[in-house]
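Atoms within each ligand, like the ligands themselves, are counted from 1 in listed order. Reckoned from all heavy atoms, side chains included, excluding hydrogens, waters and symmetry mates. Each residue takes its place number in the sequence, starting with 1.
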Amino acid sequence: MEKKTVAIGVDHGGLLLKSGLIEQLGALGYSVRDLGAFGPASVDYPDYAYKVAETLRVGAADIGLVVCGTGIGMSIAMNRYPWIRAGVVHDVTSARLSREHNDANVLALGARMTGAELAKECLTVFLQTEFGEGRHARRVRKLTEPPNLGDASNAA
Ligand code: RB5
């Protein structure tokens, strides 16, 4: 089977986890595209999220992995694009369910929230969990094609 590629993007807040996660990806047999940041200087997390989103858009990677201080900013930036489903994960259960229920294709971690070992565990579970299909597929389709909120049928 062909090796899958993971694109990783971090800001200064996420840098601490990067090398351990890259090591773990290697151990699990994944190729890695490291899109930065490459040093501790303060940077803007959306810049790195957008690099990962573009890499996924053009098919140069199969899965995204983004890390900032909390995972929140990165996930908000990533989820602005319809081909992205980024889940913020702080434990192995949310890692598993983000795949099983949401078919997440991007894992967002927070280096100020999650220690290095737990982050590696979350990554492993995320990569090894299949999408649950069935009723979840219907719901995920609704994420890709949201209704026009001006329609009367969607009135509050
Ligand atoms: C940077 O200080 C911090 O705001 C960023 O890493 C992230 O947590 C944003 O959501």
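For atom 2 (O) of ligand 1, the closest non-hydrogen atom on the protein side is R112 NH1, 3.3 Å. Nearest non-hydrogen protein atom to atom 9 (C) of ligand 1 is Y45 CE2, 3.5 Å.
Expressed to the nearest 0.5 Å, how far CG of D62 lies from NZ of K3 amounts to 12.5 Å. Put simply, CG on D34 and CG on L25 are 10.5 Å apart, with the number rounded to the nearest 0.5 Å.
Each of the following atoms of ligand 1 lies closer than 4.0 Å to a heavy atom of D11: 1 (C), 5 (C), 6 (O). Under a 4.0 Å criterion applied to the non-hydrogen atoms of G69, ligand 1 contributes the atoms 5 (C), 6 (O), 7 (C), 8 (O). Atoms of ligand 1 found under 4.0 Å from any heavy atom of H12 (numbered from 1 in listed order, with element): 1 (C), 2 (O).
Residues Y50 and M74 share a hydrophobic cluster, clusters being chains of Ile/Leu/Val/Met/Phe/Trp/Tyr side chains in contact below 4.5 Å. Under the 4.5 Å side-chain heavy-atom criterion for Ile, Leu, Val, Met, Phe, Trp and Tyr, M78 and F126 are members of distinct hydrophobic clusters.
The pair E54-K51 does not count as a salt bridge, with every side-chain nitrogen at least 4.0 angstrom from each carboxylate oxygen.
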Would you check, one step at a time, whether the test side-chain contact (heavy atoms from CB on, under 4.5 Å) holds for L109 with C122?
CA-CA 9 Å; L109 293 171; C122 289; 4.2 Å; yes
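Contacts between T70 and ligand 1, counted as non-hydrogen atom pairs separated by less than 4.0 Å, involve both the backbone and the side chain.
Nearest-residue assignment for atom 10 (O) of ligand 1 (options G13, S42, G73; heavy-atom criterion): G73.
Taking a distance limit of 4.0 Å, we find that atom 4 (O) of ligand 1 is approached by no protein heavy atom.
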